[in-house]
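Report on one structure; see the data block that follows.
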2 protein chains.
Amino acid sequence: MAEHRPTMNDVARTAGVSLKTVSRVVNGEPTVAPDLAARVHAAVESLDYRPHLGASMLRRNDKRTRTIGVLLDDVSHPFSAAVHRAVEDEARARGVHVLTGSLDHDPVRERDLAAAFAERQTDGLILAPTGSNLESPTMPVVYVDRPPTGAAGDTVVSTNVSGAAGAVRHLIAHGHRRIGFLGGDQHLSTARDRHLGYQRALGRRAGPAVHDLRDPTAALAAAVAMLRGPGSPTALFADQSSMTIGAVRALHRLGRQHEVALIGFDDFPFADLLDPPITVVAQDPSRMGRTAAAALFERIEGYDGAPREIRIPTTLIARGSGEL
Amino acid sequence: MAEHRPTMNDVARTAGVSLKTVSRVVNGEPTVAPDLAARVHAAVESLDYRPHLGASMLRRNDKRTRTIGVLLDDVSHPFSAAVHRAVEDEARARGVHVLTGSLDHDPVRERDLAAAFAERQTDGLILAPTGSNLESPTMPVVYVDRPPTGAAGDTVVSTNVSGAAGAVRHLIAHGHRRIGFLGGDQHLSTARDRHLGYQRALGRRAGPAVHDLRDPTAALAAAVAMLRGPGSPTALFADQSSMTIGAVRALHRLGRQHEVALIGFDDFPFADLLDPPITVVAQDPSRMGRTAAAALFERIEGYDGAPREIRIPTTLIARGSGEL
DNA sequence: AAATCGAGGGACAACGTTGTCTCGCAGTAG
DNA sequence: CTACTGCGAGACAACGTTGTCCCTCGATTT
C-alpha cells in the first residue's frame, strides 16, 4: 500500500487507546495513567511517529512556531556571522530555531525575505535594515547594526559616533593633524555616523575624505591616491573592516606602513599579526547579537514598551598602527 | 472584537465570491474569470491576507515546505560561513529558505537539531556530521566537509589526502626534511586524512606530530614545544586554519617566522598580509556549498541513484612561508 | 448501601485550506 | 427548439491535530 506518514490515529490503534489519549501523551498532559502512557510511547517509537506540525499549528492557532528569522548583510562576513552565531545561541537556549538570509544591501531582497518569513509565521525577526523604507512589520522586529528608516522598533547599534571620534582623538593625541577618511556607502547610517565622529574630533581640521567605497580594492585605490596627492595625510581612519584591509594593502604597496598611521573601525581576524599590528575600534558583534535576541524574545513574550535604542560600546584596541 | 488573522473566508466575503474561488486565485489556477480574479486580489491586498501555511500543508500533504536545513560546525567560522552563504545562494535561486544550526562537534546537538528539522518538515538537510553514528535520516541529506559514520549519502569533501601530501611535497622540494605536524581532533576524518597525506608524502621520514589540538592556543604551545625540543623541525604543516594561526603566533613569538617554513591547510583571511605571507592549501568552501546544495536539490527532486562522493580539489597557494 | 466525587479517557467539532464533484450557463450544433 | 459541450464557480468533504464536553468507573463519604 501507499506508505504514508503515521498519524495519531495509527498510534492510537497500535497502542489500543483513543486518539485523544495519544494527543495527551504527546503533549505531556499529566492526567494519563502511567501504563497507558508507556504503551503510547512504545507505539510512537515503533511507528516512528512525528506530530504533523501543520495540523498542530492549525488547531491551536495561537501557538508560536518557535522559529525566528535573521536577515543580515552577508552571513559570510565576519561581523554578520558573529551576530548570527550569538543570536543562534540565544535562540537555542529557548528551544527556538533560526531562519537566515543575506540581503547584500538589496531592499528588494529585504522586502521579499521579510514577507516570506512572515508567511512562514516566524515569531519574530532580527534585521539589519537596508535603508529603504519598509512597511510596518506584522511581527516583532529588532533592528541590529543600524536603525530602520520609516519605521520604529528596538535597535541595537554600536556607539559609532563616539567610537570613531575616540579613534581620531587617539591619532590627534599622537601628534597627527592631517587625517584622511576612507568611508563606505553613505546611504548607511553607520558610515554617516562614523564620519560624523571623525568630523567632531577634528573640527575644522578635517582632512581629505573619500566616501562610497564599495570594497577593499576601491579603498586601496582611494588610499593610494590620497597618499600620493597634495597634503598627504599622516594618518588614515577607515570606517569599516573592508576599508581597513584596502588601506593596509595600500600602505604595504607603497612601503609606508611604518610611517603612516592607520586605525580601522571594526576589528578583523589577525589584525594583531600584521606588521605593524593594526589598531582598531572593536565592535562587539556577539554582544550585539545576544542583546538583539534578548530584546526580540522580550517582545515575543509580549513586552510592549516604547522602542528602545540599545548602544553597545566599542573598544579602542591600540596595537601599534595608530601610534606611529 | 478579537482581531484574528484574515482567512480565505474573509477574503471571499469582501470580494463577494466563494471561498473556493479565492483558493483558485491564490494558487494561480487559470480557470478564473479576470474580473473575479481582480476583485479577489484587491480583497487580498486590503485585508493583508496571507495564506495559513499550516492549513495548506495539512490539506495537500505532498507539498514541499521549500525550506532546507544547514547544520555546520560553527556558522561564525569562516569555512562554515562560506559554505552557508553558498548554500543560501543556491537555495534562493530556487525560492527555498534555509534553517541553520551550529553543532560545535556535539553529537547530541546534531541529533536534536536533525530531529527538530525533520519535525519542521524541511525538505532536506546539508550536514557536517559530528562523527557519531546517526540513525538513517527521514529526508534527503547531503554531507559536507566529511563523510558520515554509519550511514550513506551524497558527500562533498575536499581532496584532503592529496592536498596535504602536495603541501608536504612542496616543503620537501624546498629542501625540508624534518617537518612537524600540528593536527586537530582525530575523531574527525578530515584530520585523519590530512595526516595520512602528510605521512604518505614523507614516508619513513615523518617528523614529530601532535594531534587533538583544540584551538590556536593549544597549537601555539605545541609548536613552541616542538621547535624548542630535540630534532627541531625546519618546517611545520598545520592541518586546519586554527592550527595555522597558532603556528604563526608561535613563530612570531620565537622570532623564527623567517627561518621555519609553514604551510597551513585551509586558507584564511589576510594570510597574504602577514610577514611572511602564509602559504596554504586552499579549500573552496563556496564551491563545496554550491555543490552540496545542487546535489541536495537533485535528491529532493527525486533522483535516487547510489550515494556519490564528490571531491572538490584544493589549491596550493605559495605565498612565501613554505619556500624559506 | 446509596450518593457523591474525581480522575482518566473517549466522542465530537473545529482550525484554514485544497481536491473532487456537481451545477449553471453560455455557445454551438443538430 | 432541443441537446450537447465546455468552462467557470460553488458546495462539500477531508487533511491531522487539539479544545470541549461528557461518560465511566472506582473510591470515598454518610
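From a predicted model like this one, the values you see are computed outputs, not experimental measurements.
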**Report entry** Interatomic distance, A/R39 CZ vs C/dG8 C1' [rounded to whole Å]
**Finding:** 13 Å

Query raised in the report: Does B/E29 have any salt bridge (charged side-chain N to carboxylate O under 4.0 Å, His left out) partners at least two apart in sequence or in another chain, and if so, which?
Result: none

Report task. Go along nucleotides 13-18 of chain D 5' to 3' and tag each nucleotide: B for a protein heavy atom under 4.0 Å from its base, S when only backbone or sugar atoms are that close, - otherwise. Result -> BBBBBB

Can you tabulate the close N/O pairs, meaning under 3.5 Å, that link protein atoms to atoms of nucleotides 25-28 of chain C?
none

Query - Ionic contact status for B/R94 with B/E301, cut-off 4.0 Å - result: no

Report task. Could you pull out all residues at least two apart from B/S102 that satisfy side chain to side chain donor-acceptor pair (under 3.5 Å)? Result -> A/E88

Query raised in the report: Reckon A/T21 has a side-chain N or O less than 4.0 Å from the OP1 or OP2 of C/dG10?
Result: yes

Query - B/D10: partners by salt bridge (charged side-chain N to carboxylate O under 4.0 Å, His left out), with sequence neighbours left out - result: B/R13

Report summary line: Residue set satisfying side-chain contact (heavy atoms from CB on, under 4.5 Å) with B/D284, at least two apart, ordered chain then number -> B/S286, B/R287, B/I312

Query raised in the report: side chain to side chain donor-acceptor pair (under 3.5 Å) with A/D74: which residues, sequence neighbours excluded?
Result: A/S76, B/R85

Report task. Could you tell me which residues satisfy ring pair (Phe, Tyr, Trp, His ring centres under 6.0 Å) with A/H105, sequence neighbours excluded, listed by chain and number? Result -> none

**Report entry** Axis deviation across the helix from C/dA1-D/dT30 to C/dG30-D/dC1, five-pair ends, to the nearest 10°
**Finding:** 50°

**Report entry** Any pair counted as ring pair (Phe, Tyr, Trp, His ring centres under 6.0 Å), so long as it reaches residues 64-85 of chain B, sequence neighbours left out
**Finding:** A/H84-B/H84

**Report entry** Those residues that, when tested against B/T155, pass side chain to side chain donor-acceptor pair (under 3.5 Å) (two or more places apart)
**Finding:** none

Query - Results of side chain to side chain donor-acceptor pair (under 3.5 Å) for B/R299 - residues two or more places apart only - result: B/D154

